[in-house]
Peer 1: 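Below you'll find the structure I mean.
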Amino acid sequence: MPDPGLSPSPDAPPFLSALTSVLEAAAREVASATPAVEPPAVEPAAAPAAAPAATAAAPAASELERILRGPSGLGTGGLFLASRLPEPEVRTDPVEGVPVPGLYFHPVPEPDPVRVAEVSRRIKDWAVDEVDLFPDEWEGQFDGFSVGRYMVACHPDAPTVDHLMLATRLMVAENAVDDCYCEDHGGSPVGLGSRLLLAHTALDPLHTTAEYAPGWAESLGSDAPRRAYRSAMQYFTEMATPSQADRFRHDMARLHMGYLAEAAWAEADHVPEVWEYLAMRQFNNFRPCPTITDSVGGYELPADLHALPGTQRVIALAGNATTIVNDLYSYTKELASPGRHLNLPVVISEREGLSDQDGYLKAVEVHNELMHAFEAESAALAAACPAPPLLRFLRGVAAWVDGNHHWHQTNTYRYSLPNFW
Ligand SMILES: CC(C)=CCC/C(C)=C(\C)COP(=O)(O)OP(=O)(O)O
Ligand SMILES: [Mg+2]
């Protein structure tokens with residue numbers, strides 16, 4: 001059974017080692033349960049059997065064999081890339097920025113500087129020449145975001161820079177919508193629903209009559225966020241499968257719903273209950289970034305495996321952990337911004353009568369509990385359904401979680417820690 005590129009580094013955290021040992025055990029089981037001869041290169045597309053529920057017991061060997069094969073039939077050959085990718089050069093020099101004391105995270109090496117430089121060059125060209133993203137006075141903030149470094153750190157298995165650019169354009173476009181529609185670059189809760197819905201049609205197109213279609217099409221070029229969404233989505237749909245594009249649209253609708261809840265509370269100057277805030281932050285969330293890890297990796301997690309309740313829970317837990325990381329590293333930036341910017345430490349302090357410091361420290365504990373739950377559930381899912389595309393997807397989500405922390409910790413242009421220790 002070829003290793004689908006899942007062998008973790010010797011110092012991999014226990015969670016990843018567990019994933020790998022599950023894959024090796026599954027490989028042994030399938031090898032012992034199946035003849036040594038090579039299966040036919042292309043099998044007639046069989047009617048997809050119901051995907052096995054993520055249960056404590058591993059699926060039967062025949063079912064396991066079907067799952068391990070992944071998607072088959074015409075046109076699926078390209079979904080399985082060479083299992084060994086060249087190891088990118090990584091630097092071990094010390095990085096700027098210190099981690100939040102007490103935070104549970106996995107350090108990652110500094111991303112490959114050659115890839116970082118190429119992605120940074122290409123994304124700047126795209127932003128300036130293709131979508132006219134920002135006025136000159138915002139160029140420093142664009143550069144300071146270091147999106148090239150962010151995406152190379154979060155997608156270590158991307159086979160090419162073209163694949164990395166899929167994630168990078170979307171990340172920039174998503175932040176442009178957040179900054180310009182919701183936050184401090186002209187954002188406002190007033191009328192946000194209308195702006196977000198019209199921008200969403202750049203991802204999820206309007207299907208209408210010949211008379212009204214031109215007005216809609218022209219609107220997609222009317223502001224930088226919509227130009228960015230339109231272009232980034234065009235590039236994405238050219239390389240992703242229709243199922244992956246549909247998954248992404250669903251995740252972006254979740255994101256936009258989260259923005260609307262946050263705006264409703266801002267408009268009323270309301271501080272939600274802690275659980276209400278956590279619910280909002282599960283939607284106003286990095287989720288649309290890790291869930292494209294398969295598209296950026298050049299393979300596909302089949303829709304039936306993505307839809308498993310176990311997969312959905314793992315994705316939600318990972319997204320929640322990554323987004324609370326942002327709350328913790330952006331805390332001082334948000335305290336300094338106009339008005340009251342809600343984040344988990346602020347809401348805990350306000351709702352539970354704790355000092356700023358104690359509210360922050362409790363938010364760290366909430367993050368750690370989410371991270372442990374993510375890793376435990378991911379390992380359980382891998383054991384219940386050890387299909388190579390799912391195992392690779394789970395590893396990709398874990399890599400995104402780790403790269404996201406690395407970027408937040410080391411982006412000292414954008415973030416700094418409170419003096420609570
Ligand atoms: C890239 C993406 C999908 C973003 C989703 C929502 C979002 C902007 C965040 C999760 C980051 O939160 P926040 O608005 O607090 O950003 P900063 O703290 O200003 O970095
Ligand atoms: Mg923030």
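Throughout, residue positions are numbered sequentially from 1 according to the sequence presented. Order of listing sets the numbers, starting from 1, for every ligand and every atom in it.
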Peer 1: Looking only at the side chains, is there a donor atom on one of E365 and Y104 sitting less than 3.5 Å from an acceptor on the other?
Peer 2: no
Peer 1: Is the shortest distance from a Lys or Arg side-chain nitrogen in D157 or R392 to a carboxylate oxygen in the other one below 4.0 Å?
Peer 2: yes
Peer 1: Are D125 and R122 ion-paired here, with the side-chain N under 4.0 Å from a carboxylate O?
Peer 2: no
Peer 1: Between E262 and R281, does at least one N-O distance fall below 4.0 Å, as a salt bridge requires?
Peer 2: no
Peer 1: Taking both backbone and side-chain atoms into account, decide whether E334 has an N/O/S atom under 2.8 Å from the Mg ion (ligand 2).
Peer 2: yes
Peer 1: With a 3.5 Å cut-off and no angle check, do the side chains of H106 and E375 form a donor-acceptor pair?
Peer 2: yes
Peer 1: List below, pair by pair, the N or O atoms of ligand 1 and of the protein that are less than 3.5 Å apart, including the distance to 0.1 Å; reply 'none' if no pair qualifies.
Peer 2:
unit_1   : atom_1 : unit_2 : atom_2 : d
ligand 1 : 12 (O) : R281   : NH2    : 3.0
ligand 1 : 12 (O) : N326   : OD1    : 3.3
ligand 1 : 14 (O) : D178   : OD2    : 3.1
ligand 1 : 14 (O) : E183   : OE2    : 3.3
ligand 1 : 15 (O) : R281   : NH2    : 3.3
ligand 1 : 15 (O) : N326   : OD1    : 3.0
ligand 1 : 15 (O) : E334   : OE2    : 2.8
ligand 1 : 18 (O) : N326   : OD1    : 3.0
ligand 1 : 18 (O) : N326   : ND2    : 3.2
ligand 1 : 18 (O) : S330   : OG     : 3.1
ligand 1 : 18 (O) : E334   : OE2    : 2.9
ligand 1 : 19 (O) : K333   : NZ     : 2.5
ligand 1 : 19 (O) : R414   : NH2    : 3.3
ligand 1 : 20 (O) : N326   : ND2    : 3.1
ligand 1 : 20 (O) : R414   : NE     : 3.4
ligand 1 : 20 (O) : R414   : NH2    : 3.1
ligand 1 : 20 (O) : Y415   : OH     : 2.5

Peer 1: For the residue pair Q244 / H306, report whether a side-chain donor-acceptor contact shorter than 3.5 Å exists.
Peer 2: no
Peer 1: Do any of the N/O/S atoms of N326, backbone or side chain, fall under 2.8 Å from the Mg ion (ligand 2)?
Peer 2: yes
Peer 1: Examine the side chains of T322 and R287 and answer whether a donor and an acceptor come within less than 3.5 Å of each other.
Peer 2: no
Peer 1: Closer than 2.8 Å to the Mg ion (ligand 2): does that hold for any N, O or S atom in S330?
Peer 2: yes
